[in-house]
Amino acid sequence: MSDVDVEESIMSYLSQSETDATTKDLNVVAMLHHFWEQRQTARLNGSSSESDGSVGGTAIHTESLLLYESAPAPGPPYVCYVTLPGGSCFGNYKVCETQAEARRDAARVALMNSLVNELPCRRINPPFITQSLQQAATDSAVSVEDACDSSTSIGIYSLLLHSHVGKTMLEFQEMMTVFQLLQWNGTLRALRNRQCSRQSVISYYSQRGFDEYIRSSMALDWLEREQRSPGRLGEELQVVQRELVLARRRGIELRFYKEKTEILSLALSQAYIHHTPDVFSEASSHTYKQEQLPLQTLYSQDTEDNPTLQSFTNPP
C-alpha cells in the first residue's frame, strides 16, 4: 500500500459512525497523550545526545503536554478543542451530545492527523517544494519563476518551504499560521511600509513564534478599527466564527481560525466595556447558532465567499 493509500485509509476513519463499537472502545484521549509523550521523549533524548552525549536527566511535564478547551455552550451540541505541542489545534468533527464525547472526538481527530503527519509523504523535501510552488503559482495566477523573488508572496512561500526541509507538514503549518495571522491583521503590510525586509521578518517570527504579546497587540489593532468604524469588530467576529465552525467540521487543522476568533473576542471584551451589551448580543450568540446548522448548509454559505479557506500550500 502506498503512502497516499495509507493516508486516505487513516483519514477515512473520521467518517465512521460514532455508534461503531470498535471506535467507542478505544481510549483515544490516552492514545493521543501516549503518542505525543513518546514523540517528545524521542526528541529530547535526541537533542541531549547531540549536545553532550548524555541520555536522560530531562523531565517531561506530561500534564501540560496537550491542552483541551471546551467552548462555552448552554447545551448540546458541545465543542472541544485540543492543542498539540507546537501549537497545532484540532476540534471534534462530529455533533456531540456531551462534553466528554466532544473531548474524545477532538482527541480522535488529533490522533488521526498526528499519525498521518508521521508518514514519509508528509515530510518537506525538494520534490514536494517543487510541486507546491507549481500548485501555488497556478492557484494564484502568477509565474512560478517569481518564487526566486523574495519580494513576492510566492517568493516568501518558497523561503518558508526551504527553511523547513526535513520537517513535517504540521511543523510547517505552525509557521505558516503565524504569517497568515500577520497578513490577516495587516502587520505584514505595516512592516513593509517601515522598510523591513521580508527575510528579516521571516527570521524574527521564525525564532519568536506567536506569543501572548503579539496576540494582545493584534487585539489592540482591531479595537482601534472598531473605534474608527463602529460595528466592524462584531461583523469580523461573525465571519471568523463561521470559518472556525466550518473548518472544525471538515476535520482540518484549526489554529489559524481559532487564533483569529480569540484575538477578536479579546478586542470585543475591551470594546464591550464602553458599549451597552445589546451592541454585541448578536455576535456573542453567533457561534452557538452556527452549531445548529447542518454541515451542507454551512458549506454552501461559506465556501464561495471565504478566501481564507485554502490549503496551506497557497502562499500567504
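Note that these values count all heavy atoms, side chains included, but never hydrogens, waters or copies made by symmetry. None of these values were measured; they are calculated from a predicted model.
To the nearest 0.5 Å, atoms CZ (Phe256) and CE (Met176) are separated by 9.5 Å. With rounding to the nearest 0.5 angstrom, the OH atom of Tyr93 is 8.5 Å from the CZ atom of Arg108. With rounding to the nearest 0.5 Å, the separation of CG in Leu237 from CZ in Arg242 is 10.0 Å. Interatomic distance, Tyr68 OH to Cys80 SG, rounded to the nearest 0.5 Å: 7.5 Å. Annotation: the span from Leu84 atom CG to Leu111 atom CG amounts to 10.0 Å, rounded to 0.5 Å. Considering OG1 of Thr177 and CG of Leu254, their distance stands at 10.0 Å, rounded to 0.5 Å.
Side chain of Asn117 to backbone of Asn113: no donor-acceptor contact under 3.5 angstrom is found. With Asn92 contributing its side chain and Tyr78 its backbone, the two residues share a donor-acceptor pair below 3.5 Å. Listed for the Thr138 side chain is a donor-acceptor partner under 3.5 Å among the backbone atoms of Gln134. Side-chain N or O atoms of Arg123 include one that pairs as donor or acceptor with a backbone N or O of Gly166 at under 3.5 Å. Between the side chain of His162 and the backbone N or O of Ser158 there is at least one donor-acceptor pair closer than 3.5 Å.
The two residues Ala110 and Leu32 have their closest heavy-atom pair at CB-CD2, 3.8 Å. When all heavy atoms are compared, the tightest approach of Ala107 to Val82 is N-CG1, 4.4 Å. Smallest separation of non-hydrogen atoms from Glu226 and Gly234: OE1-N, 4.3 Å. When all heavy atoms of Cys96 and Ala102 are compared, the pair lying nearest together is SG-CA, 3.5 Å. Scanning both residues, Ile124 and Leu161, for their nearest heavy atoms gives CG2-O, 3.7 Å. Here the closest heavy-atom approach between residue Ala147 and residue Leu133 is recorded as CB-CD1, 4.1 Å.
For Glu97, the CD atom counts as densely surrounded, since its 6.0 Å shell holds more than 12 non-hydrogen atoms of other residues, nucleotides or ligands. Enclosure of atom CZ in Arg189 is not indicated, since only 12 or fewer non-hydrogen atoms of other residues, nucleotides or ligands lie within 6.0 angstrom.
Residues Gln38 and His34 form a side-chain contact, since some pair of their non-hydrogen atoms from C-beta on lies under 4.5 Å apart. Contact check for Glu101 versus Asp105: no side-chain heavy atoms found under the 4.5 Å cut-off. Put simply, the side chain of Ile263 does not reach to within 4.5 Å of the side chain of Ser216, judged on heavy atoms. Between Glu174 and Ser88 the shortest side-chain heavy-atom distance falls below 4.5 Å. Looking at heavy atoms from C-beta onward, Tyr157 lies in side-chain contact with Ser132 at the 4.5 angstrom threshold. Here the side chains of Met169 and Phe128 are in contact, with some heavy-atom distance below 4.5 Å.
The salt bridge (Lys or Arg N to Asp or Glu O under 4.0 Å) contacts involving residues 159-168 comprise nothing, where partners must be two or more places apart or lie in separate chains. Applying the salt bridge (Lys or Arg N to Asp or Glu O under 4.0 Å) test to every pair with at least one member in residues 112-121, sequence neighbours left out, gives these pairs: Arg39-Glu118.
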Working for side chain to side chain contact (heavy atoms under 4.5 Å, CB included), residues Arg104 and Lys94: CA-CA 10 Å; Arg104 288 194 301 270; Lys94 297 174 181 174; over 6 Å; no
Evaluation steps, side chain to side chain contact (heavy atoms under 4.5 Å, CB included), between Leu181 and Tyr205: CA-CA 12 Å; Leu181 289 167; Tyr205 284 102; over 6 Å; no
Chi angles and distances behind the salt bridge (charged side-chain N to carboxylate O under 4.0 Å, His left out) call for Arg215, Glu212: CA-CA 5 Å; Arg215 187 179 292 109; Glu212 199 63 42; 2.8 Å; yes
Steps toward side chain to side chain contact (heavy atoms under 4.5 Å, CB included) verdict (His33, Val29): CA-CA 6 Å; His33 185 90; Val29 174; 5.8 Å; no
Evaluation steps, side chain to side chain contact (heavy atoms under 4.5 Å, CB included), between Lys260 and Asn185: CA-CA 9 Å; Lys260 289 199 296 182; Asn185 191 63; over 6 Å; no
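Considering only residues two or more places apart in sequence or on other chains, Arg225 meets the salt bridge (Lys or Arg N to Asp or Glu O under 4.0 Å) condition with none of them. For the salt bridge (Lys or Arg N to Asp or Glu O under 4.0 Å) test, no residue two or more places apart in sequence or in another chain qualifies with Glu236. With sequence neighbours excluded, the residues forming a salt bridge (Lys or Arg N to Asp or Glu O under 4.0 Å) with Glu262 are Lys258, listed by chain and number. With sequence neighbours excluded, no residue forms a salt bridge (Lys or Arg N to Asp or Glu O under 4.0 Å) with Glu253.
Below 30°, between 30° and 60°, or above 60°: for His164 and Phe172 the angle between ring planes is above 60°, a perpendicular geometry.
In the hydrophobic clustering of ILVMFWY residues, with side-chain heavy atoms under 4.5 Å counting as a link, Met31 and Leu115 come out together. Note on Leu159: it clusters hydrophobically with Val144, by side-chain heavy-atom contacts below 4.5 Å among ILVMFWY residues. Trp184 and Tyr204 fall within the same hydrophobic cluster, where Ile, Leu, Val, Met, Phe, Trp and Tyr residues are linked whenever their side-chain heavy atoms come under 4.5 Å apart, directly or through other members. Linking ILVMFWY residues whenever their side-chain heavy atoms come closer than 4.5 Å, directly or via other members, places Val142 and Phe179 in the same cluster. The hydrophobic cluster containing Leu266 does not contain Ile214, counting ILVMFWY residues as joined when their side-chain heavy atoms lie under 4.5 angstrom apart, directly or transitively.
Side chain to side chain, Thr261 and Gln241 fail the donor-acceptor criterion of an N or O pair below 3.5 Å.
We find that Glu235 and Arg232 are not joined by a salt bridge, their nearest charged nitrogen and carboxylate oxygen being 4.0 Å or further apart.
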